[in-house]
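Note on naming: letters A, B, ... go to the chains in the order of the sequence lines (proteins, then strands), and numbering restarts at 1 for each one.
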There are 2 protein chains.
Amino acid sequence: MRSEDIQIHAHNCHNDKETHKACVSLVPIFNHLEEEQMDEIMVTAQSVSYKKGEIIYRAGEQSDSLYIINNGKIRIYRLSESGKEQLVRILNTGEFTGEHALFSESTHESYAEALVDTKVCMIKRADLQEFLLKYPSISLKILTEFSTRLEQSEKQTTRFATEKVETRIALFLAECKDSEEGKSKEIVLPMSKKNLASFLGTTPETLSRKLADLEDQGFISQKAQRKIEIIDLDGLLLV
Amino acid sequence: MRSEDIQIHAHNCHNDKETHKACVSLVPIFNHLEEEQMDEIMVTAQSVSYKKGEIIYRAGEQSDSLYIINNGKIRIYRLSESGKEQLVRILNTGEFTGEHALFSESTHESYAEALVDTKVCMIKRADLQEFLLKYPSISLKILTEFSTRLEQSEKQTTRFATEKVETRIALFLAECKDSEEGKSKEIVLPMSKKNLASFLGTTPETLSRKLADLEDQGFISQKAQRKIEIIDLDGLLLV
DNA sequence: CGCGGGGTTGAACATTCTCAAGAACTGTGG
DNA sequence: CCACAGTTCTTGAGAATGTTCAACCCCGCG
């Protein structure tokens, strides 16, 4: 990054086209764009950096931007009516959030917190909408992404509604295994057990016990450092 | 409806432009269309009727249409990995389903069953996509609708993850009250208690007991015919 | 009038949470 | 590199919550 860029914007806010393009080209909804389209949307983007622990947005705040993670890691969580926290998802480099406010002109309902030092790239609602009207095929891409997320969210709801904790854990481990490309039987949990408990709608204590149970039954083997070896996938899924 | 139309199509499948327009004009994502646009999309639509109890689509089936309810009532439900059923939503006249398959070229993950004799209006994926590319502003409408649904689904997930059954019931009753326009304190449950239990991720027995508890505590009063009087809304929400 | 489904109630049981205490790990400053 | 502080994680015991199964009621409908 050139030093002039840093001086132009207050705080930690820059506008570096190359960085934006590198970032955005990772995002599924944008990575099929042509060069000129990419450039066109990128000139409207802004970079902002957050330190570990900083809150990027809160429930109730007005919002009008899409946030794409340039590098870093963000935790999205909600507070229920009775004040309990649930982890909704962890975002890594190339993923995005803020989509609701983008189209609904409403306020955030969740919280976004930087888990490590994180740099995001923001695109304003007005800019994106204009862009979508100009290139309609991109809307179809986003619609596809949205409907997939909706489907996943409903599946998750059904799991909470009908499966007991042990099953939810087993299903989670199985999905981790699916998404790890290598054939190795070992998976790495994408978050701390504390956060995983929150994601799965249970407590750290119960999660710890259920993992121990699954280990006793010979389905998995817990290693150091969030690593778990899946010994018997089929057995795991019959829990 | 003209009799020629009926003869053209086998079974119970018609193509009656006026019916379609009457139906589609109720749908939030279409009701802002101009006359000619409405006509244009409607000529591609098809009507199909289902008898009470018939399955409109099943999980695993290929699908490529949006279903809009012309009149009647449909129950959307899912089966979890372990085979338990959860009611996802009840659709009434003017509401739609099938949106996932519309953009993802995938199979259904849920089941749709006619709760009463029902007439739906179907629009094919290819027709709708062509239409959206021609009129990009409609995509923005649909994106708005999708992102709202996604937000709601995530809220629901968080409730299942963090609230106990009694609270989920109380929140449901409160939302019923919100959506009933009249100022009357009496609400009418939109489904049987058996279905409501499935929707709320519990059993009919527990639902029955919790409602009795809420009544004992003086927050509500159960009348005949799925009617419930909300006596103390604030108290209800502190449960 | 009897049938059947929805709804309710009771009692035993299963699951999960809470609280508390201790162990293991992580990162930081010396 | 070590010691310490602040976590995260684990384990135990008891309490709270919810489910299951079985019996029964009630009402609408043929």
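Nucleotide C:dG5 holds its P atom 16 Å from the CG atom of B:L115, rounded to whole Å. To the nearest angstrom, P of D:dA16 lies 15 Å from CG of B:D213. Note: NZ (A:K52) to P (C:dT26) measures 12 Å, nearest angstrom. At whole-Å resolution of the value, CZ in B:R168 and C1' in D:dT17 are 11 Å apart. In this entry the distance linking CG of B:L196 with P of C:dT8 reads 11 Å, nearest Å. Atoms NZ (B:K164) and C1' (C:dT16) sit 13 Å apart, rounded to a whole Å. At whole-Å resolution of the value, CG in B:D216 and P in C:dT9 are 9 Å apart. The distance from atom CD1 of A:I169 to atom P of D:dT10 is 11 Å, rounded to the nearest whole Å.
Looking at the side chain of B:K194, the nearest of the listed nucleotides C:dG7, C:dT8, D:dT17 is C:dG7. Closest to the side chain of A:V165, from the set D:dT10, C:dT9, C:dT16, is C:dT16. You'll find that the side chain of B:S192 is closest to C:dG7, out of D:dG18, C:dG7, C:dT8.
When only modelled atom types and interatomic distance are considered, A:E99 and B:S147 share no side-chain donor-acceptor pair under 3.5 Å. Looking only at atom types and distance, the side chain of A:Y77 has no donor-acceptor partner in the side chain of B:T158 under 3.5 Å away. Under the 3.5 Å distance criterion, with hydrogens and angles disregarded, a donor-acceptor pair is assigned to the side chains of A:E163 and B:S82.
Comparing A:P204 and A:A161 by the nucleotide of DNA chain D that holds the closest heavy atom to each, the one mapping nearer the 5' end is A:P204. Summary of the strand contacts: A:L211 and B:E163 both lie near DNA chain D, and taking for each the nucleotide with the nearest heavy atom, the more 5' one is attributed to A:L211. Checking A:A224 against A:K84, the closest nucleotide of DNA chain C that is more toward the 5' end is the one next to A:K84.
Applying the 4.0 Å criterion to OP1 and OP2 of D:dT19, one finds that B:T202 has a side-chain N or O inside that range. Considering only side-chain N and O atoms, B:K210 lies under 4.0 angstrom from the phosphate OP1 or OP2 of D:dG18. Look at B:T206 and you'll find a side-chain N or O under 4.0 angstrom from OP1 or OP2 of D:dT19. B:K193 has a side-chain polar atom (N or O) that falls below the 4.0 Å cut-off from OP1 or OP2 of C:dT8. At C:dT18, none of the side-chain N or O atoms of A:T203 fall inside 4.0 Å of OP1 or OP2 (strictly under the cut-off).
Residue-environment remark: NZ (B:K223) exceeds the threshold of 12 foreign heavy atoms within 6.0 Å.
Below 30°, between 30° and 60°, or above 60°: for B:Y57 and B:H108 the angle between ring planes is below 30°, a parallel geometry.
No hydrogens or angles were tested; on distance alone, a donor-acceptor pair under 3.5 Å links the side chain of A:R209 to the base of D:dG12. Residue-to-nucleotide contacts include a donor-acceptor pair under 3.5 Å from the side chain of A:E205 to the base of C:dC19.
Figure legend: cation-pi geometry between A:R149 and A:F96, with NZ or CZ positioned under 6.0 Å from the six-membered ring centre and within 45° of its axis.
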